[in-house]
Amino acid sequence: MVNACIYVLCLVLYIPALVVNFMPVGLSVVSSMCVLLGLLALHRSPMASWKYVAVPFLAAWALLSTLGLGLTSSELRYLVLFPVAVLLGYLLYISGYTFRLVRIFLRVSLVMAILATFEWSSRRSIIGDDSRFEFFSRMRTFRAAVASDHPLVLAMFLVAGICAVCALEFSFRKRAVLVTLLLMGVWSTDGRFPLALGVILGLAVVFGPRRLLETFSARKRWLMAGSVVLWLVIAHLSVYRWTNSAFGGTAAESSAAYRPAIYSFIPDIIKSNPLGVGFDDIPRGVWLVRGRSVIYDLGNTVDSELVLLALRFGVVGLVAFAAIWIIFIMCPRQIAPIGLMGSALMVGGLTTALSAWNTLGSFLFILLGISLGSIRRRGKQKDEIAERANVVQAGAL
């Protein structure tokens, strides 16, 4: 039953464009998470007796908040979806379903990668929504999205799937086939940064998965130092080098120039509103990016999780971004693949607004909940169920 619910959750995260025909995406995501959360709490997790009251209360609160309180999309994500996702991730860990989630997520990712490749090759929407497909492809080459929110969202899910390959004991040949299929799916989305990230991770997963996980687990100080250097470089470029211009000879070049341009607004964003705009709409007509023949408004498109959190929560948002990044790095050895998946998403968040999407943001926070659960229990006596189940298991898909 739990396995079936995990399959449903992964599908809901991957195909919101189909789910929305039956119910709002936010409601479908929170419903699937609450059902799975209830099953874990009532059957497998070693929690205290308060679970019989807390879990039904949480489910009722989440569903009522989604249905009847008139929440804005931002309030729904940050006050309902993401807290539930963190708790679900925590229960998945202590219930011993961490690597079951990884295995099922990888299976669904492989199917979606194959569908994305087929959609790109056929040049038609695989779900019959050609207008949506044309919208994604109107300024550039054809971009596969299948039934995902956006081609970049699909690409980031598939990059996480590449990281998931190293969580399971596959032969070299099978790893090469799985990574190739996933990379073909990423390539079909025409997401250049996800593709570059996927190629780097894919090579490491194919040729040295154990070394990759050992490096990620044992070199935390080096990873932390590298992260700090990266953040300082971004801060320096945002203040002194990058400007609000996104000129390019092609749409692809303009898109690439758009990311540095929006980073140049961070100092002004923090200066004008240190605590951000909260859950209100991002002001339009304030932060404008000059293109060759068009002006981009940051109030319409924020292609960076770091910039989005700065807009929403100011300094607190920047600290939260760094904290989540660090938490994934601090994942203990036994769930290093989860830390690797989360870290890959956070790196991708430099060019994609992860929490702007109900689906991708919820998945990120599920991984965060697993990481928090593992870190909390690392210094204590390990739970028997989690210790038996949260291990890298050999076996075929």
Side-chain angles (χ1 to χ4, degrees), residues 2-4 6-7 9-11 13-14 92-93 96-118 120-121 144 146 154-189 191 194-219 223 328-329 331-345 347-348 363 366-367 370-371 374 386-397:
V2 173
N3 286 352
I6 295 177
Y7 270 111
L9 175 60
C10 291
L11 285 172
L13 295 178
Y14 257 115
L92 282 168
Y93 175 76
Y97 279 98
T98 298
F99 283 91
R100 192 74 58 84
L101 170 68
V102 173
R103 185 183 294 272
I104 292 173
F105 176 76
L106 177 57
R107 291 171 179 170
V108 176
S109 298
L110 287 168
V111 174
M112 293 302 164
I114 294 171
L115 292 177
T117 305
F118 175 79
W120 181 87
S121 63
V146 191
L154 176 60
M156 290 311 305
F157 272 128
L158 296 179
V159 168
I162 292 173
C163 298
V165 173
C166 69
L168 306 168
E169 292 289 342
F170 295 124
S171 65
F172 172 82
R173 181 178 299 178
K174 192 164 190 177
R175 288 197 308 272
V177 171
L178 295 178
V179 169
T180 300
L181 290 173
L182 291 167
L183 280 176
M184 288 174 63
V186 177
W187 181 74
S188 300
T189 67
L195 179 60
L197 182 61
V199 168
I200 294 171
L201 290 171
L203 290 173
V205 168
V206 171
F207 293 101
R210 291 191 177 182
R211 178 171 296 182
L212 173 63
L213 294 178
E214 288 174 0
T215 301
F216 187 83
S217 301
R219 306 294 183 186
L223 292 173
F328 284 128
I329 291 178
C331 277
R333 184 183 300 271
Q334 65 266 28
I335 65 159
I338 295 294
L340 184 62
M341 293 169 68
S343 296
L345 289 178
V347 173
F363 183 67
I366 289 173
L367 298 180
I370 295 174
S371 302
S374 66
E387 184 66 16
R388 287 199 305 267
N390 286 328
V391 295
V392 180
Q393 301 177 5
L397 282 171

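Since the model is a prediction, treat every value here as computed from it, not as a measurement. Note that the numbering runs from 1 along the sequence shown for the chain. As a basis for the values below, the full set of heavy atoms in this structure was taken, side chains included, without hydrogen atoms, waters or symmetry mates.
- Of the possible polar contacts, one joining the Ser121 side chain to the Phe118 backbone as a donor-acceptor pair under 3.5 Å is found.
- Rounded to the nearest 0.5 Å, atoms OG1 (Thr189) and CE (Met156) are 10.0 Å apart.
- Between Arg333 and Ser217, the shortest heavy-atom distance links the atoms CA-OG, 3.7 Å.
- In this structure the side chain of Leu182 reaches within 4.5 angstrom of the side chain of Val165, judged on heavy atoms.
- Across all their heavy atoms, Gly161 and Leu106 have their closest contact at O-CD1, 3.6 Å.
- Taking both residues in full, the closest heavy atoms of Leu195 and Leu183 are given as CD1-O, 4.2 Å, listed atom of the first, atom of the second, then distance.
- Residues Leu223 and Thr215 come closest through the heavy atom pair CD1-O, 4.4 Å.
- Using a 4.5 Å cut-off on side-chain heavy atoms (C-beta onward), Tyr97 and Arg103 make no contact.
- Pairing each heavy atom of Leu197 with each of Gly348, the nearest pair is CD2-N, 4.1 Å.
- Ring geometry, Phe157 versus Tyr14: the interplanar angle falls from 30° to 60°, so the pair is classed tilted.
- Distance alone, capped at 3.5 Å, is enough to place a donor-acceptor pair between the Arg175 side chain and the Val205 backbone.
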Residue pair Thr117, Trp187: steps toward the side-chain contact (heavy atoms from CB on, under 4.5 Å) verdict: CA-CA 8 Å; Thr117 305; Trp187 181 74; over 6 Å; no
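- Contact check for Leu101 versus Ile366: side-chain heavy atoms found under the 4.5 Å cut-off.
- Distance check: Leu158 CG to Met112 CE gives 9.5 Å after rounding to the nearest 0.5 Å.
- Atoms CD1 and CZ, on Ile104 and Phe99 in that order, are 13.5 Å from each other to the nearest 0.5 Å.
- Cys331 SG to Ile370 CD1: the interatomic distance, rounded to the nearest 0.5 Å, is 9.0 Å.
- Using a 4.5 Å heavy-atom cutoff, the side chains of Ile338 and Ser374 are not in contact.
- Atom CG of residue Leu13 and atom CZ of residue Phe105 lie 8.0 Å apart, to the nearest 0.5 angstrom.
- Annotation: side chain of Tyr93 is not in contact with side chain of Ser371 (no heavy-atom distance under 4.5 Å).
- Nearest heavy atom pair, residue Gly342 against residue Leu367, reads N-CD1, 3.9 Å.
- In this structure, the separation between CH2 on Trp120 and CE on Met184 is 9.0 Å, given to the nearest 0.5 Å.
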